[in-house]
There are 2 protein chains.
Amino acid sequence: MLTKGGCPKTALSIKDALEALEGRWKLLILFSLSAENKRFKQISKEVPGITDKTLSKELKSLEANKLIKRDVYNTFPPTVEYSITSHGKSLEKVMEELHYWGLLHRKKIIGK
Amino acid sequence: MLTKGGCPKTALSIKDALEALEGRWKLLILFSLSAENKRFKQISKEVPGITDKTLSKELKSLEANKLIKRDVYNTFPPTVEYSITSHGKSLEKVMEELHYWGLLHRKKIIGK
DNA sequence: GATATTACTTTCCCTTTGGATAGCGCTATC
DNA sequence: GATAGCGCTATCCAAAGGGAAAGTAATATC
């Protein structure tokens, strides 16, 4: 195990990560954007249960942390395209591990 | 990339994982317990900022998901020992990846 | 007999979150 | 000229979350 259990410095960096990703939406939004660039409405359709207000807030937070990029095109009706940044892509492994663990967890606890 | 971006089934398992781990405390508690078994007060000291009420609630949720185990010894004052289960240990890789990403994120965004 | 100890639970209260709904600005379509 | 489309923002209000502080049980210690 590379991650030393209980080490305070390690705990701090885990805390940093959790703060940037807090809530139940951010990783799901990032995951949806990791497939392809999307517009606001598209994301809201692909992330079930999220409201416009919350989505708008989450997107701002993700942008502030440079995990996604926002491009506005001067058209009508407005076109706003969101894309994942390289920093956002660096979360791929985290999402992968979460994915594997989620499967395991469902088998073990949820879906018995 | 093994995790296919945008795949709905993958998104579902990520959602499962997020639901079991939601909030900013659970992973930190698990991380602290991954070093050694601990009692209530010890945990509350090692997870800075958490209140008794919240810790109590989080521990219950972790136990319900079989991520930790709770052992009560019939002593006075009471002794209650918490330990991580094998299912909890299966989160090691998630924590590792979060740790690495947290370091990266701090370098890139927080600590400039 | 006052105090400390542990692992909580309870109460009070304030802040944050989150849903529902409506609206705006401009164009194209019916 | 009514309506739909997009990407939000604003408002209102109910519900949930979370902190502070005190209480409890039984024993040991001073």
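First the proteins, then the strands, lettered A, B, ... as listed; each starts at 1. Just so it is clear, the structure is predicted and the values come from calculations on it, not from any experiment. Heavy-atom basis, side chains included; hydrogens, waters and symmetry copies ignored.
B:L12 and A:L98 end up in different hydrophobic clusters when Ile, Leu, Val, Met, Phe, Trp and Tyr side chains are linked at under 4.5 Å. One hydrophobic cluster, built from ILVMFWY side chains closer than 4.5 Å, cannot hold both B:Y73 and B:L33; they sit in different ones. Cluster annotation: B:L21 and A:L103 are assigned to distinct hydrophobic clusters (Ile/Leu/Val/Met/Phe/Trp/Tyr, side-chain heavy-atom contacts under 4.5 Å, transitive).
Rounding to whole angstrom units, CD of residue A:E63 and C1' of D:dG7 are separated by 14 Å. Rounded to whole Å, atom C1' of D:dG7 lies 14 Å from atom CG of A:N74. The separation between A:F76 atom CZ and C:dC26 atom P is 6 Å, rounded to whole Å. Atom NZ in A:K41 sits roughly 13 Å away from atom C1' in D:dT9 (whole-Å rounding). Atom OH of A:Y73 and atom P of C:dT27 are 20 Å apart (whole Å). Nucleotide C:dA7 holds its P atom 8 Å from the CD atom of B:Q42, rounded to whole Å.
Note on residues 70-91 of chain A: pairs passing salt bridge (Lys or Arg N to Asp or Glu O under 4.0 Å), not counting sequence neighbours, are A:K69-A:D71.
Contact check of residues 51-62 of chain A against DNA chain C (heavy atom, cut-off under 4.0 Å) returns A:T51, A:K53, A:T54, A:K57. Near DNA chain C, defined here as any heavy-atom distance below 4.0 Å, there are no residues from residues 20-29 of chain B.
Of the candidate nucleotides C:dT5, D:dG7, C:dC8, C:dC8 has the atom lying nearest to any side-chain atom of B:Y82.
Considering only heavy atoms from C-beta on, B:K93 comes within 4.5 Å of A:E97 through its side chain.
Between A:P78 and A:G49, the one whose closest nucleotide on DNA chain C sits nearer the 5' end is A:G49.
Looking at B:K41, B:R39, B:K38 one by one, the single match for salt bridge (Lys or Arg N to Asp or Glu O under 4.0 Å) with B:E46 turns out to be B:K38.
For A:K26, the NZ atom counts as densely surrounded, since its 6.0 Å shell holds more than 12 non-hydrogen atoms of other residues, nucleotides or ligands.
A sub-4.0 Å separation between OP1 or OP2 of D:dG7 and a side-chain N or O of A:R39 is present.
When every heavy atom of A:I43 is checked against every heavy atom of A:I29, the shortest pair comes out as CG2-CG2, 4.3 Å.
Taking the six-membered ring where tryptophan is involved, the planes of B:F40 and B:Y82 are tilted, since the angle between them lies from 30° to 60°.
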